[in-house]
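Just below is one structure, and these are the notes that go with it.
Read the numbers this way: they start at 1 and go in the same order the structure lists the ligands and their atoms. Here, residue 1 is the first one in the sequence, and each next residue gets the next number.
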Amino acid sequence: MTAGLVPLRRGAVPRPLPGGRWARLAAAALAAGGAVAAPALPPPPSPAALLSVHVRDRSTGEPVPCRITVACPGGSPADLRPAPGARLAVRPGVAYTGDGAASLLLPPGEYAVAATRGFEYGLDRRLIRVAEGRASVELRIGREVDTAGWAACDTHIHTLTYSGHGDCTLDERVLTLAGEGIELPVATEHNLHRDYESAAMAMGVRRWFTPVVGNEVTTPVGHFNVFPVSLGASPPNHTLLDWQRLLPAIRRTPGARCVILNHPADLHSGFRPTDPVRFHPGSGESLDGREWTMDGMELVNSGAQQSDLMRPWRDWFSLLNRGRRIAGIGASDSHDVDAFLVGQGRTYLRCQDSRPDSIPVAQACDSLLAGRALVSCGLLAEMRVDGREAYGELLRPARERVAIRLRVQAPRWIRADRVEVYANGTRIVDLPILHGESAVKLDRTVAVRRPRHDAWLVAVATGPGVTEPHWPLRPPYQPTRSHWEPRVVGSTNPVYLDADGDGRWASPREQAQAVMAAVRLDPDALMAALAQRDDA
Ligand SMILES: [Zn+2]
Ligand SMILES: [Zn+2]
């Protein structure tokens, strides 16, 4: 039924709700219980040359899954087609391969050919001239970012096949996952439980990742990712309108461990979770009676960038200050091969990751729930406090000065220019990053005064955004201002300091309540009590 349909152009479909002719047909096919096949590509350009690209790992010499970008001299995307029989995901100027090899038809001419493998790998790029007939090019890329002990997870992934919009079929999706170096992909099709396992086997890329079955519970009152879920279980009721019933229903899904609030600042079905009419941005107070009991919330959704990069962090900080244990999450929400890159936004979860094809999912979920997670969209920011990695833990500082070791990494083709540390939402460290050429952008220890009362610490690194075709950040699709400055970002989750040494964590809200109770609203006593506190 799909033959002859024209492929969707980039941005042709409003996301994430289906629209347009293709999407309507796809939705009809899904409603009839079917899956959606790829739109047919137009015939190859003529005259066509055959370009063979081979990409190998620089250290092992083995072929490696990757993204290949082919650009014309002016920078426009090359008119590519897969050679007959080639197992590739191809869009204008882009081909993903699961085995490092790509046979591509394109018009003769000059091209810049680049290979990348997502955030952790380097970039190799050649200028080539392709005459009529055959040409070949060999490229080598190597690991640049050290992520040992951290599984690269994308908690938010769609396909055209199952979600009915975007342009990435299931077979193409597994190639893009291998090509962007995602080790723990979570299938989150709208209100469906689906498994990428058999497609990964069929396309020969199962050794590169461990597929997880999830669901984007897509409701009129927000979208929630839940995973892992049992493949055969009924998806939770997505028509419930109050969170007090909806969240327990999501948690009752067989197998469910992690529940994440998606794109909290975006508007869907007329509902924006952090709209100021329902959520007080300063205090994190729910103004419409909703309990924020989810395990995580997306700080980065690279398919739905924010005009104000830090807005989701500020909302999250206010929830942390209320004492909520909600993990910060990065995800891509990609429905596409190239329009929005899968795995661009991602979360690193502390777990055994020496075999990407057998990541221990339960251990990864334990880490997410405990906050042993790093949010990444182009940078990896890490923090050690008094010599310890202690995300999600309560640390008792031994001395008056607390040593915070900050490390920021990215491949050499990404730059970082700033790292900050926040304590209870107040910035206490702000360092420029001057040397962006190497993969370790910064590794420095700063000493800060021990807060007088309990405080959480979060480190956030940022840098100029990538706009080149091998890893372009896409503009917000729900902009809140006319100007958008693309920025890469990496963030830790909180480390909790038991600064008063009483062996327990008191959130800023709890501390404030204790002060108020102690002074019984006596203004003089209140002023005296507040004078004892510091800004953090
Ligand atoms: Zn969504
Ligand atoms: Zn989504």
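Between the Zn ion (ligand 2) and the N, O or S atoms of His156, the shortest distance is to NE2. Looking at Asp333, its N, O or S atom nearest to the Zn ion (ligand 2) turns out to be OD1. Checked against the Zn ion (ligand 2), the N, O or S atom of Glu216 at the shortest distance is OE1.
Rounding to the nearest 0.5 Å places CG of Asp315 at 4.5 Å from OG1 of Thr274. Distance check: Tyr162 OH to Thr169 OG1 gives 10.5 Å after rounding to the nearest 0.5 Å.
The Zn ion (ligand 1) is the vertex of the angle joining NE2 of His263 and ND1 of His223, which measures 100° to the nearest 10°.
Listed for the Ser334 side chain is no donor-acceptor partner under 3.5 Å among the backbone atoms of Leu341.
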Can you list the steps and then say if Ser332 with Asp154 is a side-chain hydrogen bond (donor to acceptor under 3.5 Å, both in side chains)? CA-CA 7 Å; Ser332 76; Asp154 188 345; 2.6 Å; yes
Any chance you could lay out the ring pair (Phe, Tyr, Trp, His ring centres under 6.0 Å) test for Trp316 and Tyr422, step after step, and finish with the verdict? CA-CA 12 Å; Trp316 182 51; Tyr422 292 85; 9.9 Å; no
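Under 2.8 Å from the Zn ion (ligand 1) lies no N/O/S atom of Asp266, from backbone or side chain alike. Distances from the Zn ion (ligand 2) show that His190 has no N/O/S atom below 2.8 Å.
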